[in-house]
Amino acid sequence: MFANAVEMYSRMQNLWVSPDGYTLPHILKACGGLPGFEMGRQVHGQIFRLGFVKDVFVQNGVIAFYAKCGKIQSAKVVFDGLEFRNVVSWTSMISGYAQNGQPIEALRAFHEMREMGIMPDWVALVSVIRAHTDVEDLAHGKSIHGCIIKMGLELEPDLLIALTAMYAKCGQVMVARCFFDQMKVSDLILWNAMISGYAKNGYAEKAVELFRDMISKNIRTDSITARSAVVACAQVGSLELARWMDNFISKSEHRDDIFVNSALIDMFAKCGNVDMARSVFDRTFNKDVVVWSAMIVGYGLHGRGREALDLYLLMKQAGVFPNDVTFLGLLTACNHSGLVEDGWRLFHSMKDYGIEPRHPHYASMVDLLGRACYLDQAYDFIMSMPIEPGVSVWGALLSACKIHRHVKLGEYAAERLFSLEAYNTGHYVQLSNLYASARMWDRVAKVQILMREKGLSKDLGYSLIEINGKLQSFRVGDKSHPQSKEIYEELESLERRLKQAGFIPHTDSSLHDLNYEEMEETLCNHSERLAIAFGLISTAPGTTLRITKNLRACINCHSATKLISKLVNREIVVRDANRFHHFKDGVCSCGDYW
DNA sequence: CTAGGGTTAG
């Protein structure tokens, strides 16, 4: 009850009751907890005047206060001024660095402490573990685990929680789960660490399962639990699960938490329903820059660029300042809607807000220019970059060269990519596709030989479709489904109707080395068509089909899906590796620009 | 009667 403590302290001051060496650590803790920087600074001044400069309890309190307020420099000044420093003084500095995103400094301070011959206790080690977690140095983290055992601290519950969090965050979820299962007492932070660890490392279903466990066991959740569970649902991608989560949150105490709501907005956008994201956005009070950005990113993902830009204007009117993520969302939105001039203008307005563009911003601009056929300008733009262009930037250029069949520039981009990442399959496939788009079959073959020499093979395509809340996965030419026969019958009937409607498959890219019949067959068996066919026979007429695929939509499937949406009178929502496509009445929301 | 820790959105 920090605010009450501060209020009580003010009353004490008004009555001219002087604080002593016991009062001051309490009030400092309250100021650090709020945090109330101004109040704490006044207390610091008072400490100086009252002569508590040598009281290590009071001074440690001051260090921790500054560290909690993010004023690590001030904390360091106080720390350096101390005559005697004990393990608490050091821990305050170590945790201060760790909490303020300087884990390397934290570890350096820990090293220095050891050189001074000061023995860490379990609280100190908790911060050291966190620092190792943040630099993703699992090897050194494990060695700290060893020290803990040697020191006989392995039964300290909170230390075990910190270790669990470390293993979970560093991707060792099985190890973390062992700790979790062996823990004697149920602890909220332990559950949170396990859930977010699962979510962070791609075990979204496991994370959701654990969250449901908590609810069924009536274990208290906080906003961090809720947020982590929402992030996991966003990863799963099921709209039905997303709805369940939203319903749960809106009935819980977390409904007005902006941390949770920004995650909900992101979740709905990623699960394919940007309008539901908007309704969470609208019900959120005191929107901060993250809430606004999440909504802008959501519109961008769905190719609703105009709405993203309009929202940005509203955001500025509301007095909220944009940050680097806001701009990334805006640039992506412009990209997906072909708003070249708006994107260009926004990129250059970043400096007005003191925001330095990072690699993704540059890559987004290259994509924007390249896609709109300004290839030379994209190249000049890369050459004028103040930072070394990386994989994302050259990748965007290569992709644009493929679209516009600019072989020479594309080859150059591919060279840069190979020198940066010699074993990334995607780059070779892109180059091969570039040659195929220009009908340079001999060079396509050369790339394929190169890939074989390096032991690389194409990523297999797959599509997921959600039917009655269950996700069903299909690979290219998949025949493993129990209803496979019906699915292929539906597929054949679809193909007949496509042909009758005058659909002619493109024969340009990626399939050059097959003869015509083989090519046609392969196209029809593309995984998303299987998912569509399965969706059609498994749902009532008129139901929207929601499909997720791991690769980008190919030109054939894209054209076919447009027509299918009209022929069967269904809305089909496809999330590819890059963005969302909403197919309806024969057109796609991306306007064939992706 | 007093100090230090872990889980945290776009």
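Residue numbers begin at 1 in each chain, while the letters A, B, ... track the order of the sequences. Quick note: numbers below take in every heavy atom, side chains included, and nothing from hydrogens, waters or symmetry partners.
Between A:Q99 and B:dG4, a side-chain N or O to OP1/OP2 separation shorter than 4.0 Å is absent. Residue A:S196 places at least one side-chain N or O under 4.0 Å from the OP1 or OP2 atom of B:dT8.
A side-chain donor from one of A:N60 and A:N86 sits under 3.5 Å from a side-chain acceptor of the other. No side-chain donor-acceptor contact under 3.5 Å links A:D324 and A:H361. Judged by distance alone, the side chains of A:D282 and A:S279 never bring a donor and an acceptor atom under 3.5 Å apart. Side-chain contact of A:T225 with A:D222: a donor-acceptor pair under 3.5 Å is present, judged by distance alone.
Of the candidates B:dA9, B:dT7, B:dG4, B:dT7 carries the atom nearest the A:D222 side chain, counting heavy atoms from C-beta on. The side chain of A:I161 sits closest to B:dG6 out of B:dG6, B:dA3, B:dT7. Ranking B:dA3, B:dA9, B:dT7 by closeness to the A:V290 side chain, first place goes to B:dA9. Closest contact between the side chain of A:I224 and the listed nucleotides B:dA3, B:dG6, B:dT8 involves B:dT8. Across B:dA3, B:dG6, B:dG10, the shortest atom-to-atom separation from the side chain of A:N86 is found for B:dA3. Distance from the side chain of A:F57 is smallest for B:dA3 among the nucleotides B:dT7, B:dG4, B:dA3. Considering only side-chain atoms of A:F259, the nucleotide from B:dA3, B:dT8, B:dG4 that sits closest is B:dT8.
Counting any heavy atom pair closer than 4.0 Å across all strands shown, A:V58 reaches no nucleic acid atom. Note on A:K68: only backbone sugar-phosphate atoms sit closer than 4.0 angstrom, heavy atoms only; bases stay farther off. Contacts of A:A64 with the nucleic acid, taken as non-hydrogen atoms under 4.0 Å apart, involve only primed sugar atoms and P, OP1 or OP2. A:W122 comes within contact range of at least one nucleobase, with a heavy-atom separation under 4.0 Å. A:I258 comes within 4.0 angstrom of a base, heavy atoms only.
Remark: A:N201 pairs with A:V173, A:Y203 by the side-chain contact (heavy atoms from CB on, under 4.5 Å) rule, at least two apart or across chains.
Remark: A:R227 in residues 226-243 of chain A come within less than 4.0 Å of DNA chain B through at least one heavy atom. Listed in residue order, the members of residues 323-330 of chain A having a heavy atom less than 4.0 Å from DNA chain B are A:N323, A:V325. Using a 4.0 Å cut-off on heavy atoms, the residues of residues 21-44 of chain A that approach DNA chain B are A:G21, A:Y22, A:P25, A:H26, A:K29, listed by number. Near DNA chain B, defined here as any heavy-atom distance below 4.0 Å, the residues from residues 166-183 of chain A are A:K169, listed numerically.
As rounded to whole Å, 13 Å separates atom P of B:dG10 from atom CZ of A:R358. Rounded to an integer number of Å, the gap from A:N192 CG to B:dT7 C1' is 5 Å. Atom CG in A:D55 sits roughly 16 Å away from atom P in B:dC1 (whole-Å rounding).
In summary, A:R306 and A:D342 engage in a salt bridge, as defined by a charged side-chain N under 4.0 Å from a carboxylate O. By the 4.0 Å N-to-carboxylate-O rule, A:R243 lies too far from A:E240 to be salt-bridged with it. The pair A:R108-A:E105 counts as a salt bridge, with a side-chain nitrogen and a carboxylate oxygen less than 4.0 angstrom apart.
A distance of 8.0 Å separates CG of A:L301 from NZ of A:K270, quoted to the nearest 0.5 Å. Residue A:W292 holds its CH2 atom at 11.0 Å from CG of A:D288, rounded to the nearest 0.5 Å. For the atom pair NZ (A:K316) and OH (A:Y353), the distance works out to 3.5 Å, reported to the nearest 0.5 Å.
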Atom pairs and distances, donor-acceptor, side-chain atoms in residues 138-145 of chain A, under 3.5 Å, two or more places apart:
{"unit_1": "A:H140", "atom_1": "ND1", "unit_2": "A:D137", "atom_2": "OD1", "d": "3.3"}
{"unit_1": "A:H140", "atom_1": "ND1", "unit_2": "A:D137", "atom_2": "OD2", "d": "2.6"}
{"unit_1": "A:S143", "atom_1": "OG", "unit_2": "A:H140", "atom_2": "O", "d": "2.8"}
{"unit_1": "A:H145", "atom_1": "ND1", "unit_2": "A:Y167", "atom_2": "OH", "d": "2.9"}

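The ring of A:H44 has its center no closer than 6.0 angstrom to the ring center of A:F65. A distance below 6.0 Å separates the ring centres of A:F248 and A:F211.
Below the 3.5 angstrom threshold, one finds no donor paired with an acceptor across the side chain of A:D257 and the base of B:dA9. A donor-acceptor contact under 3.5 Å links the side chain of A:D121 to the base of B:dG4. Between the side chain of A:S293 and the base of B:dG10 there is at least one donor-acceptor pair of N/O atoms closer than 3.5 Å.
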Step-by-step side chain to side chain contact (heavy atoms under 4.5 Å, CB included) determination, A:V274 to A:R278: CA-CA 6 Å; A:V274 76; A:R278 182 59 191 245; over 6 Å; no
